[in-house]
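Structure first, commentary second.
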Amino acid sequence: MAKKVMTVIKLNLPAGAATPAPPVGPALGQAGVNIMEFVKRFNEQTANQRGSTLPVEITVYEDRSFTFVVKQPLASDLIKQAAGIESGSPNPLRQKVGKITREQLRQIAERKMPDLNANDIEAAMRIIAGTARSMGVEIVD
Amino acid sequence: MDDRWISVQAVAPPDAWDAVATVLIEYGCTGVELREAPPRVVGYLPDEQAHQLEAIQERLALLPQFGLPAVLELRVEPVQAHEWQRAWRRYFRSRRYGNCLRVQPSWSRRKPQPDEIVMVLDPGLAFGTGNHPTTALCLSLLEKYVQPGLRVADIGTGTGILAIAAAKLGAGEVIAVDNDSLAVLVARGNVERNGVQDRVWVIEGDGWHALHGVFDVILCNILSGFLVQTAPLVPRFLREGGVYIVSGFIGRNAREVFHAMENAGLKREEVHKRRSWVAAVFRKN
């Protein structure tokens, strides 16, 4: 019989560089999961993506064992990669720091689609476009 | 360790989550948690970063101007660290490894069997309670390779569990190294608790650079990246015929680790797997 799921924890963590500090500690400690065990496994599995922030979904079972699934990097990381920039704008209204094309926008939306709440690719593109603009990245044709 | 944090909870629909998380991370949060009911992004700032709150608030207020949903509420609260640091203790229980090693939490009252070698551990926040497959694999391998009087090194000792096991199995001298000062404190406490402080030395230092002389057995249960990077250093710290016991990597990364060891001139003796984790033994001939 399948083990009974106690809770599902969703975190966004730095690839290969998670630590027992918050948010990992409070989230997993409360669920009774051995914090360092998760940290070690996550870091080992994501070491080759260092520099990105990765959404991870941790399923905790009744016996306190757990499994986790790592998803696509944060939209902002994919946008930075596409625009070829290190970081977003500190003042996104006035200072633009980069551009991505609609085609790049669509590719990012397609990659993120399974993790987003969006019903169709157009809705996903709107979310990604908003995220891009909030970083000072413009969408160009 | 810094014990004071501020939790920042931004209540917002999931469509805004990536943008909110990006802002929180940019201003000092080391990751975020996503929660439902109400949907929100939770980040934590170390107390001394509290001055960033204003900037976070300003940036989040802009989101609707970019076509994203608005943050409905920003809740800021102080958090105490000790609660979550102890919460998982309830689930750490006495367990047996290999033929005769038993790992027992310091608060357990279980009586040992006559044939058992008992190690008492208080893990705190350091790694290594035996519950993790890599620690369990290393314990079984130690039983096989540690003989009375041997000189042993443990790189990345964490709780000190493997170093203590080596001493209890008869090692003459054990050098345990960790680069995390918290782990060093935890390990020293555990070494004393087990009465092996005459043979186990816990050193705070940078892996291999903290070692002197040669060893009969060297243990390293860290991660594949570290094992690969430091492989060329291994032979100079191993006696002829000495063994290097490694773990901490998953099957997918095993080839890379094996390759690095073989390039360093070490011969693969045995490989074990538990769940997706791998442990292996290499010998210097």
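Computed from a predicted structure; not experimentally measured. So you know, we letter chains A, B, ... as the sequences are listed, proteins then strands, and number each from 1.
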Can you list the residues of residues 222-231 of chain B that sit under 4.5 Å from chain A, counting heavy atoms only? B/I222, B/L223, B/S224

Hey, could you give me the CD/OG distance between A/E44 and B/S276, rounded to the nearest 0.5 Å? 9.0 Å

Below 4.5 Å from any heavy atom of chain B, which atoms of A/P92 appear? Answer side chain, backbone, both or neither. both

Based on non-hydrogen pairs under 4.5 Å, which of A/N12, A/V8, A/L11 is most in contact with chain B? A/N12

For A/F42, what residues pass the ring-ring contact (aromatic ring centres under 6.0 Å, His included) criterion, not counting sequence neighbours? A/F38

Would you compute the distance between atom CZ of B/F249 and atom CD of A/Q45 and round it to the nearest 0.5 angstrom? 15.0 Å

For A/T7, is it the side chain, the backbone, both or neither that has a heavy atom under 4.5 Å from a heavy atom of chain B? neither

Between atom CG of B/L34 and atom CD1 of A/I9, what is the distance when rounded to the nearest 0.5 Å? 11.5 Å

If I measure from the heavy atoms of chain A, does B/R252 come under 4.5 Å with its side chain, its backbone, both, or neither? side chain

Can B/T135 and A/E37 be said to form a side chain to side chain contact (heavy atoms under 4.5 Å, CB included), step by step? CA-CA 10 Å; B/T135 318; A/E37 204 170 302; over 6 Å; no

Per-residue contacts, residues 65-87 of chain A versus chain B, heavy atoms under 4.5 Å: A/L74, A/A75, A/S76

Is there a side-chain contact between B/V79 and A/P22 in this structure, where contact means two heavy atoms from C-beta onward sitting under 4.5 Å apart? no

Which region of B/E58, side chain (C-beta onward) or backbone (N, CA, C, O), has a non-hydrogen atom less than 4.5 Å from a non-hydrogen atom of chain A, or is it both or neither? neither

B/I250, part contacting chain A, at a heavy-atom distance under 4.5 Å: both

Report, in residue-number order, which members of residues 122-141 of chain A are under 4.5 Å from chain B by heavy-atom distance. A/I127, A/G130, A/T131, A/R133, A/S134

Determine the minimum heavy-atom distance between A/A27 and B/E33, stating which atoms define it. CB-OE1, 3.5 Å

Heavy atoms of B/Y44 and A/P26 approach each other most closely as OH-CB, 3.8 Å

Gap separating the CD atom of B/E26 from the OG atom of A/S89, nearest 0.5 angstrom: 8.5 Å

